There are 2 protein chains.
Amino acid sequence: MNASNAKKSTKTKVEQFMKCDLMQELDFLVARMRSLGSGRANLALKPFDLKVRSYSVLSLACSEVMPTQRDLAELLALDPSQIVPLVDGLETKGLVTRLADPNDRRSKVVVATDAGKKLYGKARKATEQSEQETLNALTPEERTQLRDLLSRVVLGDSA
Amino acid sequence: MNASNAKKSTKTKVEQFMKCDLMQELDFLVARMRSLGSGRANLALKPFDLKVRSYSVLSLACSEVMPTQRDLAELLALDPSQIVPLVDGLETKGLVTRLADPNDRRSKVVVATDAGKKLYGKARKATEQSEQETLNALTPEERTQLRDLLSRVVLGDSA
DNA sequence: AATAAACCATTGACTTTTTCAAGGATTAAA
DNA sequence: TTTAATCCTTGAAAAAGTCAATGGTTTATT
């Protein structure tokens with residue numbers, strides 16, 4: 001029932017690699033983290049027909065920040081052209097709407113509909129639980145610690 | 001010259017999004033971290049004609065652990081079929097060799113050649129510097145702290 | 001010992017994601 | 001007013017991810 005005894009039969013060979021240099025390298029750790037984490041999160045979001053990507057867009061569309069598509073691209077570290085089909089999908093399902101930016105008619109602001117906000121509420125709970133599972137090796141304090149460190153690395157580029 | 005003043009002109013709009021729920025979500029943070037980090041690392045590895053992926057394989061091939069291709073797939077969280085072209089590329093350049101596993105003739109052990117070890121030495125310095133740049137918002141203690149937390153999440157699934 | 005089942009590396013087909021260049025519409029700068 | 005820059009969108013091409021099937025090998029079952 002627990003996620004920890006997934007493959008106990010094959011005697012996880014991972015332990016033998018603990019001493020390798022690579023295990024200390026950030027790129028490796030983060031890549032593996034993303035693979036495992038987003039895999040689990042996508043599974044948790046499947047009932048809502050969402051993935052981490054579309055969920056992220058929906059989440060931002062639910063905020064009061066009124067993000068333009070360019071904002072979304074920068075935040076998610078994606079090419080602007082990748083945002084288009086992402087928003088298209090959500091818009092088709094009636095979860096978000098493209099609004100004309102009053103300040104700049106080139107831009108389009110992506111905002112959530114009522115249905116979008118409603119779905120987001122449920123989906124958020126799913127991702128929260130998925131996150132707990134992913135972090136089950138850490139104490140609650142360590143989890144917030146990890147989030148804070150990541151947040152500073154990824155958002156605060158000030159010096 | 002420094003990486004911190006990349007886009008100071010456009011007055012990073014990211015700050016306005018700090019209050020959004022998404023900024024606390026692990027999946028988002030890790031995805032962004034990977035995008036930024038591996039982007040920088042790939043750039044640093046370009047002089048050696050390596051990417052984070054091929055570099056990781058090379059690194060493991062340089063260890064004394066004698067990893068099979070299956071081991072590589074599990075560690076890097078990739079499909080076994082993705083390892084094939086990865087090792088092919090390194091083998092073509094004479095950096096690694098496929099050896100018959102003495103214990104199991106189905107498996108192939110991937111080991112680095114002398115040229116491979118030599119290149120790895122240089123490439124490793126490049127990734128280390130790239131890592132420092134990525135983590136420049138953190139103190140040295142916080143950097144090891146972050147690595148430790150990630151390591152436990154990603155490798156130690158015991159409970 | 002013989003048969004069946006499981007496993008490894010590889011191939012191939014397929015989908016998804018990423019990366020780029022170019023375009024029309026709009027705004028900012030000269 | 002002209003020039004340059006920005007935003008969204010499109011489309012093409014490369015890279016990465018997913019999945020099923022195969023030959024050779026090992027393990028488990030009978």
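Chain identifiers are assigned alphabetically (A, B, ...) following the order of the sequence lines, protein sequences preceding nucleic acid strands; residue numbering begins at 1 within each chain. Just so you know, these numbers come straight off a predicted model, no measurement behind them.
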Colleague: Return whichever of B:Gln82 or A:Ser81 has its heavy-atom-nearest nucleotide of DNA chain C closer to the 5' end.
Modeller: B:Gln82
Colleague: For A:Leu99 and D:dC8, give me the distance from atom CG to atom P, rounded to whole Å.
Modeller: 13 Å
Colleague: If I take atom CG in residue A:Asp71 and atom P in nucleotide D:dT6, what distance separates them, rounded to the nearest angstrom?
Modeller: 15 Å
Colleague: How far does OG of A:Ser59 sit from CG of A:Leu50, to the nearest 0.5 angstrom?
Modeller: 11.0 Å
Colleague: Suppose we call a contact any N or O donor and acceptor under 3.5 Å apart; does that hold for the side chain of A:Thr68 and the base of D:dC8?
Modeller: no
Colleague: Could you tell me whether B:Lys93 and B:Asp49 make a salt bridge, using a distance below 4.0 angstrom between a side-chain N and a carboxylate O?
Modeller: yes
Colleague: Rounded to the nearest Å, what distance is computed from the CD atom of residue A:Gln69 to the P atom of nucleotide D:dT10?
Modeller: 10 Å
Colleague: Going by an N to O cut-off under 4.0 Å, is there a salt bridge joining A:Glu131 and A:Arg143?
Modeller: no
Colleague: Do the charged groups of B:Glu142 and A:Arg152 touch, with an N to O distance under 4.0 Å?
Modeller: yes
Colleague: Quick one: pull up CG in B:Leu78 and CG in B:Leu86 and give me the separation to the nearest 0.5 Å.
Modeller: 7.5 Å
Colleague: Could you tell me how far apart B:Asp79 (CG) and C:dT15 (C1') are, to the nearest whole angstrom?
Modeller: 14 Å
Colleague: Of the nucleotides C:dT19, C:dT18, D:dG17, which has the atom closest to the B:Arg34 side chain?
Modeller: D:dG17
Colleague: Looking at CZ of B:Arg34 and CG of A:Leu29, how far apart are the two atoms once the value is rounded to the nearest 0.5 Å?
Modeller: 13.0 Å
Colleague: Can you list, by residue number, the residues of residues 42-65 of chain A that have a non-hydrogen atom closer than 4.0 angstrom to DNA chain C?
Modeller: A:Lys51, A:Arg53
Colleague: Under 6.0 Å between ring centres, would you say that holds for A:Tyr55 and A:Phe48?
Modeller: no
Colleague: Please check if the number of heavy atoms outside B:Gln129 that lie under 6.0 Å from its CD is greater than 12.
Modeller: no
Colleague: Using atom CD1 of B:Ile83 as one end and atom P of C:dT11 as the other, report the distance to the nearest whole Å.
Modeller: 14 Å
Colleague: Going from CG on A:Leu22 to OH on B:Tyr120, what distance comes out if it is rounded to the nearest 0.5 angstrom?
Modeller: 7.0 Å
Colleague: Please give me every residue in residues 101-109 of chain A whose heavy atoms get under 4.0 Å of an atom in DNA chain C, ordered by residue number.
Modeller: A:Asp104, A:Arg105, A:Arg106
Colleague: What is the distance, rounded to the nearest whole Å, between atom CE of B:Met66 and atom P of C:dC8?
Modeller: 19 Å
Colleague: Taking a hydrophobic cluster as the set of Ile, Leu, Val, Met, Phe, Trp and Tyr residues connected by side-chain heavy atoms closer than 4.5 Å, whether directly or through intermediates, do A:Leu36 and A:Leu146 fall within one such cluster?
Modeller: no
Colleague: Please convert DNA chain C into dot-bracket. A pair counts if it is Watson-Crick or G-U wobble with both distances under 3.5 Å; crossing pairs go in [ ] and bases paired with another strand get |.
Modeller: |||||||||||||.||||||||.|||||||
Colleague: Before giving the answer on side-chain contact (heavy atoms from CB on, under 4.5 Å), spell out for A:Leu60 and B:Cys20 the whole-Å C-alpha distance, their side-chain angles and the decisive distance to 0.1 Å.
Modeller: CA-CA 7 Å; A:Leu60 291 165; B:Cys20 294; 4.0 Å; yes
